[in-house]
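Letters go in sequence order (proteins before strands), and every chain restarts at 1.
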Protein chains: 2
Amino acid sequence: MLQTVQRAAQVLRLFTPEQAEWGVTEVAAALGLPKSGAHSLLSTLASEGLLQRIPGGRYRLGWSLFEHSQTLLETTDFLLIARRVMEQLVAGWGETTHLAVLIDGQVLYVEKLQGDRALEIVLSRVGKRLPAHCSGVGKVLLAHRPWEEVLAIVKRQGLPSLTPNTITSIDRLRIELEEVRLQGFAYDQEEVMVDLCCAAAPIRDETGEVIAALSLSVPAYRFYPYRQRLTTAVIEAAQHVSMQLGYYVETPEWTRPKRSGSRSAAWATRA
Amino acid sequence: MLQTVQRAAQVLRLFTPEQAEWGVTEVAAALGLPKSGAHSLLSTLASEGLLQRIPGGRYRLGWSLFEHSQTLLETTDFLLIARRVMEQLVAGWGETTHLAVLIDGQVLYVEKLQGDRALEIVLSRVGKRLPAHCSGVGKVLLAHRPWEEVLAIVKRQGLPSLTPNTITSIDRLRIELEEVRLQGFAYDQEEVMVDLCCAAAPIRDETGEVIAALSLSVPAYRFYPYRQRLTTAVIEAAQHVSMQLGYYVETPEWTRPKRSGSRSAAWATRA
DNA sequence: ATCTGTGTTCAGAATAGATGAACAACTGCC
DNA sequence: GGCAGTTGTTCATCTATTCTGAACACAGAT
């Protein structure tokens with residue numbers, strides 16, 4: 001493991017929306033390095049475009065990161081496909097959909113489309129991470145990881161509670177994840193934010209591995225009456241993506257649409 | 001300059017939309033390193049989330065780049081402001097607007113909004129670079145850099161010609177950039193793509209430095225009849241952004257709107 | 001089963017980077 | 001206006017980190 005590269009990555013991680021500018025001394029203090037060391041890190045990162053120097057010897061994140069991010073997004077197959085499906089979901093339901101991946105044990109929101117009926121969900125923001133155990137997408141993603149990995153994650157990050165409904169016991173989590181894996185979907189019942197519920201389902205690549213999760217969030221009072229339809233919609237939307245990624249879905253009895261046409265996209269519209 | 005960090009950045013740059021996946025041997029060959037060296041670079045980058053390992057010992061760009069990119073975008077003031085202005089421009093004109101910055105002598109497209117009248121401009125893509133000397137935004141950005149810097153850029157990258165109209169002589173470039181600096185705007189008359197023209201203007205921060213450029217692109221046959229109005233619109237839109245960034249614009253006589261209300265945003269609509 | 005291509009590991013050798021002090025440039029404060 | 005107290009920058013020394021090449025493990029294809 002190259003120490004210098006690790007330190008460079010640490011430096012990048014210092015730059016957050018809360019503190020977007022850093023000077024040499026600040027970085028040195030934050031990482032416990034001598035000033036000269038911080039200086040060489042910052043100046044090489046800047047010369048490579050990963051940081052930019054701004055007047056006053058301070059630094060900001062550089063545009064190369066934006067370029068690399070764009071290349072990542074453009075070459076991520078599931079994203080392009082999922083976006084289209086999400087647009088249909090939003091158009092039909094008027095609610096908010098999220099697409100997320102699992103990054104060191106946390107949920108990273110990759111895409112978010114807001115519907116016209118939807119209330120602003122402040123907590124979820126594209127590019128932001130959230131603990132995995134409380135959200136619908138998070139539970140889906142965790143459910144399809146080996147249990148030891150989940151255990152390691154919880155050991156490292158705990159089970160922070162965001163609402164009174166958040167799962168805070170490891171046993172409860174184990175049981176729920178097992179359910180989620182067997183059922184093929186997860187609910188979030190006001191676990192990340194009061195009055196907010198969601199249904200979430202896994203997206204699989206051609207090997208069958210779960211690579212992302214899709215969710216449809218609704219206010220609590222609309223969740224319970226529509227739960228069944230919501231569930232079907234999310235599952236079928238996610239399966240639709242998986243199939244386009246080359247995964248062969250053995251459609252279970254109860255989710256199979258009456259008329260077989262997958263082009264009709266019945267899941268995209270509320271009944 | 002930390003060699004290891006430079007190499008890590010080189011590795012990241014290998015990942016492009018054309019080749020989004022790399023293995024150890026490929027990277028070693030591409031950078032002229034021993035396999036073991038490439039291996040430690042790749043595995044540290046992956047452990048830091050800047051790359052991700054995919055089955056088969058291959059690597060892709062990692063989601064951390066997406067996160068950092070989002071932080072960059074969220075903390076870039078001119079982007080948020082420019083976006084609103086661009087939306088108005090597109091709504092009023094139905095044409096395509098671009099927002100770009102200068103990154104080592106090249107134009108990087110940061111935002112692009114397509115209008116309903118607009119034809120698809122394939123060459124410009126958000127996150128993509130283009131040589132600066134041929135586009136409207138490029139000429140604006142170059143015009144406000146010291147001439148020695150421009151000279152160094154041309155020496156390094158030459159003056160590649162994309163159409164018969166592209167500037168290919170350094171003298172011609174010097175003259176045109178001087179004009180652009182004095183006038184406060186630039187035209188692209190089919191220099192990047194035949195049948196495509198644009199008008200572009202600089203965006204300045206509170207210190208008066210040019211930090212980005214805004215353009216409105218139109219098909220050639222609509223450019224000449226509307227040139228004057230187009231120019232005014234782009235200049236005022238860009239100034240509008242600059243002012244919101246804290247730059248005090250001494251409005252020249254001929255661009256001043258008849259009625260003083262800047263809220264009316266006369267520039268946003270075609271006459 | 002063998003061969004060619006992967007990715008991975010490990011040792012020693014050598015160089016790239018860590019370090020702290022001394023310098024320069026800047027700011028704000030008296 | 002000059003003087004602290006900042007800041008970022010440079011440099012030479014020394015050590016530890018990284019580079020290297022060969023040997024290993026593993027996969028897929030023939």
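Each of A/V24 and A/V5 has a nearest nucleotide on DNA chain D; the 5'-most of these lies closest to A/V24.
No contact: B/R58 has no heavy atom under 4.0 Å from any strand. If you check every strand for non-hydrogen atoms under 4.0 Å, A/G23 touches sugar and phosphate atoms only.
Residue-to-nucleotide contacts include a donor-acceptor pair under 3.5 Å from the side chain of A/K35 to the base of D/dG8. Donor-acceptor pairing under 3.5 Å, judged by distance alone, is absent between the side chain of A/T4 and the base of C/dG17.
Nearest nucleotide to the A/Y59 side chain, out of D/dT9, D/dT18, C/dG7: D/dT9. Closest to the side chain of B/H39, from the set D/dT20, C/dG7, D/dT10, is C/dG7. The side chain of B/Q3 sits closest to D/dC19 out of D/dT7, C/dG7, D/dC19. For A/T25, taking side-chain heavy atoms from C-beta onward, the closest of the listed nucleotides D/dC19, C/dT19, D/dG8 is D/dG8. The side chain of B/S36 lies closest to D/dG21, out of C/dT8, D/dG21, D/dT9. Here the nucleotide nearest the side chain of B/R53, chosen from C/dT19, D/dT18, C/dT8, is C/dT8.
The CD-P distance, from B/Q6 to C/dG17, rounds to 8 Å in whole Å. The CZ atom of A/R7 sits 11 Å away from the C1' atom of C/dT19 (whole-angstrom rounding).
For B/R145 and B/E209, the salt-bridge test passes: some basic side-chain N is under 4.0 Å from an acidic carboxylate O.
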A/V241 and A/Y247: CA distance, side-chain angles, deciding distance, side-chain contact (heavy atoms from CB on, under 4.5 Å) verdict
CA-CA 9 Å; A/V241 177; A/Y247 175 65; over 6 Å; no

